Each structure stands twice: as C-alpha cells, then as structure tokens.
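For the numbers below, each heavy atom of this structure counts, side chains included, while hydrogens, waters and symmetry mates do not. All chains are named by letter (A, B, ...) in the order of the sequence lines, taking the proteins before the strands, and each is independently numbered beginning at 1. Because the structure is a prediction, the values reported are computed rather than measured.
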2 protein chains.
Amino acid sequence: MRPTVHDIAASAGVSLATVDRVLNRRPGVRAVTRAKVEDAIETLGYVRDVAAANLAKSRIYPLVFIIPAGDNPFMRGLEAEIAAAGARSSADRTRVSILTVPAFDSMVLVEAIDKAVSEFPSGIAVVAVDAPEVAAAIERARLAGVPVVTLVSDLAASGRDHFVGIDNIAAGRTAGSLMGRFLGDRAGPVAVLAGSMLVRDHRERLQGFIAAMAEDFEPRVILDVLEGQDDPMLAEELVATCFNAHPDLAGIYSLGAGNRGLITAISAQGPRGIRVIAHELISHTRAALKAGLIDAVLHQDAGHEVRSAIRVLKAKADGVAVIEAQERIRIDIFLKDNLPLEQPGDLPDPSGQDD
Amino acid sequence: MRPTVHDIAASAGVSLATVDRVLNRRPGVRAVTRAKVEDAIETLGYVRDVAAANLAKSRIYPLVFIIPAGDNPFMRGLEAEIAAAGARSSADRTRVSILTVPAFDSMVLVEAIDKAVSEFPSGIAVVAVDAPEVAAAIERARLAGVPVVTLVSDLAASGRDHFVGIDNIAAGRTAGSLMGRFLGDRAGPVAVLAGSMLVRDHRERLQGFIAAMAEDFEPRVILDVLEGQDDPMLAEELVATCFNAHPDLAGIYSLGAGNRGLITAISAQGPRGIRVIAHELISHTRAALKAGLIDAVLHQDAGHEVRSAIRVLKAKADGVAVIEAQERIRIDIFLKDNLPLEQPGDLPDPSGQDD
DNA sequence: AATTTTCTGATTTACGTACATCAAAAATTC
DNA sequence: GAATTTTTGATGTACGTAAATCAGAAAATT
C-alpha cells in the first residue's frame with residue numbers, strides 16, 4: 001500500500017495537522033519540524049493522492065481556449081474537439097470555455113488573453129500570433145499565476161509554460177524531403193502556398209521546407225511564397241496565376257489552410273502530374289488524396305492537441321510533472337493508403353486519430 | 001454542480017441505500033423501484049464520480065502484460081514502456097506485471113494466459129500468436145470475466161475485447177505506396193524481409209504491401225518473402241544471398257524485426273541506391289535513417305500502446321466507454337527529417353512519442 | 001389473518017485528503 | 001520568571017461513493 005498522510009505523521013512523530021501544514025504550505029511550522037516531515041515524505045516515498053485531494057477540495061479546473069475565428073476548417077475542427085472535451089469535462093473535473101478571435105490580429109488576441117486572465121482560470125490555451133504584444137500579455141498571465149500553453153502555433157521568447165503542437169520546422173523538412181523524393185528527376189520549379197507569415201507555424205514550415213530542399217535536392221527552384229491568408233478565393237487565384245506563369249511547375253507545397261482554393265485550382269488545370277503536398281487532413285484534402293490530386297498530407301491531430309493541452313494545464317495548475325512522451329504531438333503523414341476511417345462524430349473535418 | 005447519489009435518492013424518493021443497490025447491481029430491489037431510480041439517474045444526468053468511487057473501494061487494478069521474450073528490440077522497448085507505466089502505477093490505481101514467453105510459440109502462450117487468468121486480474125494484454133488454441137485461451141479468459149486486449153499483433157475471430165495496435169494492412173499499403181513513389185522509374189525487383197508468417201501483423205503488412213504495389217505500380221516484381229525469424233544473423237544471411245541473386249534489386253521492405261541483420265547486409269554492399277523501408281524506430285534504424293541507408297521507417301509507438309492498453313483494460317473492468325479516437329494507434333512515418341529527439345530515458349530503443 | 005419472505009430505509013464507517021477551530025505546549029521576548 | 005508569541009496537537013467536518021448492518025415496511029405465501 002502506498003503511504004498516506006497518517007503514515008507520514010506517525011513516521012515523523014508529528015500530528016496530522018502539522019503534516020497538512022507542510023504539505024499545503026500553510027504557515028506556522030518551525031523549520032526543524034518541516035524538515036522532519038519532509039524527510040519522512042522522502043523516505044516513505046509519499047505522493048499525494050490527487051483524486052482524494054481533488055475530492056476533498058471539490059476542485060474544478062476552469063480552462064480557457066482562445067482560438068481564431070473564421071472558416072479555417074482545421075480551427076473549426078479544433079473547436080469541435082474542444083467542445084467534445086468539454087462534454088467529457090465532468091469526468092476530469094475540468095470546465096472548458098472557448099473564446100474565438102479574428103485570425104492574425106494580435107491586438108484583439110491580447111485583449112482576449114487579458115480578459116481571460118482577469119477571471120483567474122486554472123489555465124489558458126491560446127493559438128498564438130507571433131507578436132511582442134502577445135508575448136507581453138502571456139507574461140502578464142504568468143505573473144498573475146495563470147499557466148499558459150500555446151496551441152498549434154508557438155510564440156518566440158514568451159513565458160508560456162508549454163507548447164502543444166508539432167515541430168513545424170521538422171514538418172516543413174519532411175514535406176521537402178517527400179517532395180524531393182516524389183519529384184525524382186522531373187524538372188521544374190516548386191511553389192509554396194502559405195496563409196500568413198505573421199504566424200510562426202507557417203514561417204517555420206517554410207523555413208524547414210526550403211532547408212530540406214536545398215540540402216538534399218539541390219538544383220530545384222522554389223518560387224516566392226504565395227500568401228493566401230487562408231482564404232479559399234484568394235488562394236485559388238494565386239495558384240491559378242502561378243500555373244499560368246510557370247507551365248513547367250513540378251510541385252506545390254501548401255503549408256497553410258488554403259487547401260480548398262488550391263484543390264479547386266488544381267482540378268481546373270486537369271492532370272498535369274504536379275506533385276502536391278498539403279497540411280491538415282480535412283474533408284477536402286481527404287477527398288483530394290483519394291482522388292490522386294494530392295500526394296501526401298501532413299497532419300496534426302486536433303483531438304490529441306486538445307487533450308494534451310488540458311492534461312498539461314491541469315498538471316501545471318497542480319504543480320506536478322507531465323509525461324513528456326505523452327505530450328509530444330506527432331507529425332502524421334497520410335497517403336491515400338493509410339487514411340484513418342472517417343468517424344461518424346467528425347463534424348465537418350477532424351480526422352479523429354489520437355494519443 | 002453535478003448531481004450526487006444524494007440527489008438521486010431525493011429525486012427518486014428512495015433512500016441512499018437503495019440508490020446504492022441499483023448503482024452497484026446489488027440484489028434486493030423491486031423492478032418498479034429500480035425503474036424509479038434509473039429514471040432519476042437519467043433525468044438528472046447523474047454520472048458516478050469514478051475518483052470518489054475508487055477511493056471508497058480503495059480499488060486497485062492488477063493488469064498482466066504477456067509479451068515475447070528474446071532480443072527483439074521493439075519488444076524490449078515495449079517491456080521498458082510497461083515498466084515505466086508500472087512506475088507511475090500508483091497514480092492510476094493500477095498494478096502491472098509482465099510475463100515474457102518465447103516468441104512464436106502458441107502453446108507456451110496459452111499456458112501463460114491460463115495462468116494469468118487463474119489469478120483473476122482486472123485485465124490482460126497479450127501480444128498474440130495467431131493460432132486457434134490462443135483464441136480458445138482468450139475465450140476462457142472472457143468466460144472467467146477477465147477483459148483481454150491484444151497488443152501489437154491481433155488474433156482472428158477471438159473474443160478479445162479490443163486490439164491495441166496499428167492497422168497493419170494499412171501499414172503495408174503505406175510502405176508499398178512509398179516504395180513505389182521512391183522508386184519512380186528505376187527498374188528491378190523488390191524484396192521483402194519478414195519475421196514469421198505465424199504472426200498476424202507480419203502477414204497483414206505483406207498483404208497490404210503487395211496489394212498497394214500491384215494496384216498503383218504495376219510492372220514491378222516482388223520476390224518471395226524472406227522469413228528471418230526476427231534473428232539478426234539469419235536475416236543478414238538471407239538479405240546477402242538475395243543481393244547476390246538479384247544484382248538489379250531496386251528496393252527492400254523490412255516488415256519485421258530483422259533490421260540489424262538487414263542494415264549489416266546493406267552496409268556490406270556499399271552504396272547501390274537501393275530504396276529501403278523498414279519498421280520500428282529503434283537505435284539501429286534511427287542511425288541507418290540518418291546515414292541514408294534506410295529511406296523511411298514505419299513506426300508504432302510502444303509507449304502509447306501501453307498507456308492505451310491500460311486505459312482500455314481499466315475501462316473494460318469498470319464497464320465504461322473509451323474515447324475511441326484516443327485509442328487509435330497511429331502509423332508513424334519517419335524520414336531523416338522528422339526524427340523525434342532521442343529521449344535520455346529511452347533505454348536501448350524506444351523512440352518516445354505518444355498520444 | 002398469520003407467517004414468511006422480500007424490499008427498503010436509516011445509519012455508520014471507511015477511503016485519503018483539505019481545512020478550520022481551539023486548546024495546549026513550546027519557544028521567544030522582555 | 002512572567003508575559004507574549006509562535007508552533008503544534010487534537011478533533012471534527014467535508015468531499016462523493018461503497019459497503020455493511022439492522023430494523024421496519026411491504027409484499028407474497030400459506
């Protein structure tokens with residue numbers, strides 16, 4: 001049996017109340033007594049029974065998720081996963097709420113963070129825009145004692161407690177490596193379609209992609225990045241223009257959420273054997289993968305990210321360690337041959353694959 | 001606040017004791033009264049607080065893992081992950097024990113299962129050999145009321161409650177698809193190195209590989225499968241012989257655990273531009289991937305599988321539902337560009353990436 | 001109607017921790 | 001050494017559920 005507070009008290013030769021004072025950092029314990037207790041805790045290997053503690057405290061963890069608004073399918077899938085986690089929330093003593101803010105707008109995001117902090121939640125998860133004022137807001141949250149994790153897109157030099165998301169440089173490198181191999185000897189330049197260079201994940205993917213292409217597949221021209229603002233119409237227009245300007249285009253890497261526009265533009269072209277690698281498995285990319293319009297899709301599992309964010313925030317709130325390996329988010333690579341089954345519960349988009 | 005048993009009792013107009021009898025299926029409740037209580041449960045949306053219940057029961061879950069012995073690095077990594085989960089076990093009220101049995105030996109496996117069942121654990125996780133006698137043993141476990149999950153390798157038509165592992169047909173298809181694309185126009189046959197056709201996962205990978213190659217990359221000869229029994233020496237010999245017999249060999253798919261032998265044989269050959277796809281990211285395949293000897297590694301995360309098996313067995317023991325998406329094991333695809341960092345804790349092998 | 005059997009209620013203890021209160025003891029200050 | 005302050009002990013209640021006991025009520029049987 002694992003030791004309890006009673007065992008600690010007996011072993012240290014003090015009362016239960018004193019043990020409690022030490023454990024919960026309550027005042028009124030002499031340093032020598034505290035040391036005795038901590039000694040007993042150490043030697044007996046006591047670990048607090050969190051379930052019992054939470055029961056006694058009847059504690060709940062209010063968590064706030066701040067994510068971009070708009071019709072970005074990945075973000076809507078993320079929102080659905082957050083809601084799904086919220087529906088299960090009674091089981092893990094957590095209550096999640098969702099705040100949506102306009103995409104790529106750091107000032108509104110800052111306001112949202114400050115507002116969330118003012119209600120002293122147990123933790124905040126935020127899809128960050130990479131700007132100094134956002135970092136400052138997160139720093140304020142930290143000072144207020146509210147743990148913050150960044151979700152999907154990270155933030156340079158901020159005090160966030162943890163980043164829940166994939167290694168986007170590695171994702172870009174992977175895309176580059178696959179693109180290089182898929183192209184083989186085929187000549188022609190490669191285009192890159194992004195959402196915005198204001199978000200760190202897009203910048204990092206681009207960086208990784210260019211680096212991998214340069215290292216291993218030398219004489220390959222990579223055209224200037226097309227910024228589609230994750231807007232289907234704009235993305236379609238940019239891609240179509242690019243097709244016209246470069247009849248010998250060999251491949252496209254779509255690293256943002258402009259996939260609907262991309263797919264429309266490709267379909268309109270007819271089969272030209274262009275290699276296409278995209279991000280996020282949603283209904284459109286899934287269909288395009290099956291149809292052979294897209295060769296590979298890199299993916300991050302929104303459900304896993306949400307559950308991971310919740311676990312991490314709870315752990316930070318309790319001041320306990322997380323299982324690092326469990327919280328590392330994978331870069332999933334999907335070909336048409338390893339598509340997961342579509343879940344009935346998947347509303348518009350999410351692919352439903354997880355930890 | 002979520003409703004408690006007291007609320008149910010009040011709402012149904014019965015006593016706490018009766019509610020308890022209904023909730024825990026104790027005898028001595030008339031059908032009409034039971035209906036009243038269940039009604040109240042339904043309308044109030046009561047869900048039992050598992051933490052409090054476990055506290056009251058001071059219940060622990062003894063779980064048994066039965067895995068192959070021998071120096072198969074993946075299995076040793078699995079064992080390490082089970083041990084790691086065991087070290088954390090106090091937190092989740094579980095106590096795991098490990099039984100190792102000779103690989104590919106169904107009779108010994110049957111004995112091990114029967115022995116485990118005889119001690120009435122809360123659940124059993126077993127790396128199955130696909131044989132009828134094993135299925136029968138699992139059926140006996142079921143009849144004894146012990147939940148069973150198969151781990152890594154599944155079992156045809158058995159009463160196992162759940163399979164924790166990847167979709168091996170999809171894994172084989174993915175390998176085929178990658179192989180086809182990586183080869184491009186390069187001529188020459190493709191070899192397949194397996195461990196044993198006695199385990200279902202190897203059979204299914206082969207099946208998927210052949211199917212994908214046949215469908216999408218038609219005129220490509222796939223040589224007869226080499227069965228290396230997951231033995232480094234034998235595997236090396238088989239591969240070397242194959243090299244000699246087929247100087248124009250274009251690719252190798254290693255779907256079992258014979259990677260050390262494979263890598264030795266490839267290194268001995270010098271650079272011949274053969275495309276190699278292997279399974280399981282362990283120290284050898286990781287090094288070979290970095291060195292360019294292997295092009296891609298398909299992987300299943302042992303840590304995730306162990307945690308998933310524990311979650312599922314606990315859920316089955318409690319008779320509650322699992323989060324399906326969380327328990328789906330991914331097929332990880334690693335290129336040299338998306339290798340996860342090596343964890344200091346990774347003893348010989350496991351790659352440490354998870355849910 | 002009397003008896004037996006089956007249900008139901010009331011109550012208590014327990015799980016491991018949190019938290020509050022009040023008294024007693026020890027240490028500190030003057 | 002007396003007064004004060006700080007530290008410690010003892011005790012009780014609470015969290016939500018499990019499980020047991022015993023008495024009493026209701027139903028079924030005779």
Side-chain angles (χ1 to χ4, degrees), chain A residues 1-41 44-61 89-94 122 317-320, chain B residues 1-41 44-61 89-94 122 317-320:
Chain A
M1 291 301 278
R2 49 192 284 202
T4 73
V5 277
H6 296 86
D7 301 321
I8 304 298
S11 163
V14 300
S15 77
L16 219 69
T18 302
V19 175
D20 179 66
R21 287 177 186 118
V22 172
L23 277 175
N24 296 294
R25 305 174 199 292
R26 271 186 264 280
V29 183
R30 260 188 312 164
V32 274
T33 320
R34 158 163 289 127
K36 269 200 302 186
V37 174
E38 281 166 350
D39 237 50
I41 291 176
L44 292 189
Y46 168 83
V47 279
R48 170 200 255 114
D49 184 329
V50 190
N54 282 341
L55 178 60
K57 282 192 284 204
S58 57
R59 164 165 200 178
I60 52 129
Y61 300 78
S89 62
S90 64
D92 55 7
R93 306 196 106 77
T94 178
S122 295
D318 287 336
V320 303
Chain B
M1 288 303 276
R2 46 191 286 202
T4 74
V5 276
H6 296 86
D7 301 322
I8 305 296
S11 163
V14 301
S15 78
L16 218 66
T18 301
V19 175
D20 180 65
R21 287 178 187 119
V22 173
L23 277 175
N24 297 294
R25 304 173 199 292
R26 272 185 263 279
V29 183
R30 257 187 313 164
V32 275
T33 319
R34 159 163 287 125
K36 267 198 305 185
V37 174
E38 280 167 349
D39 237 51
I41 291 176
L44 291 189
Y46 168 83
V47 280
R48 168 200 254 119
D49 183 328
V50 190
N54 282 340
L55 179 60
K57 281 192 284 205
S58 58
R59 166 165 198 178
I60 51 130
Y61 300 79
S89 61
S90 65
D92 56 6
R93 307 195 107 76
T94 176
S122 296
D318 287 335
V320 302

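- Within 4.0 Å of B/V50, counting heavy atoms only, lies no atom of the nucleic acid at all.
- Judged as a side chain to side chain donor-acceptor pair (under 3.5 Å), and not counting sequence neighbours, the contacts of A/R26 are A/D20.
- Residue A/T18 has a polar side-chain atom (N or O) positioned under 4.0 Å from OP1 or OP2 of D/dG9.
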I'd like a table of atom pairs between the protein and nucleotides 20-26 of chain C - only N or O on both sides, under 3.5 Å - with the distance next to each one.
none

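- None of B/V37, B/I8, B/V5, B/V14 except one satisfies the side chain to side chain contact (heavy atoms under 4.5 Å, CB included) rule with B/V22; the exception is B/V37.
- Annotation: side chain to side chain donor-acceptor pair (under 3.5 Å) contacts of B/R34 (sequence neighbours excluded): none.
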Sub-3.5 Å pairs of nitrogen or oxygen atoms, protein against nucleotides 12-16 of chain D:
from	atom 1	to	atom 2	distance (Å)
D/dC15	O2	A/L55	O	3.4
D/dC15	O2	A/A56	N	3.1
D/dG16	N2	B/A52	O	3.3

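- Legend: residues meeting salt bridge (Lys or Arg N to Asp or Glu O under 4.0 Å) with B/D39, ordered by chain and number and at least two apart, are absent.
- In this entry the distance linking CG of B/N54 with P of D/dA18 reads 9 Å, nearest Å.
- Rounded to a whole Å, the CZ atom of B/R34 is 10 Å from the P atom of C/dC7.
- Checked against salt bridge (Lys or Arg N to Asp or Glu O under 4.0 Å), A/R2 has no partners two or more places apart in sequence or in another chain.
- With sequence neighbours left out, B/R48 forms a side chain to side chain donor-acceptor pair (under 3.5 Å) with B/N24.
- With sequence neighbours excluded, no residue forms a salt bridge (Lys or Arg N to Asp or Glu O under 4.0 Å) with B/R30.
- Scored by the side chain to side chain donor-acceptor pair (under 3.5 Å) test, B/D49 finds A/R93 as partners (sequence neighbours excluded).
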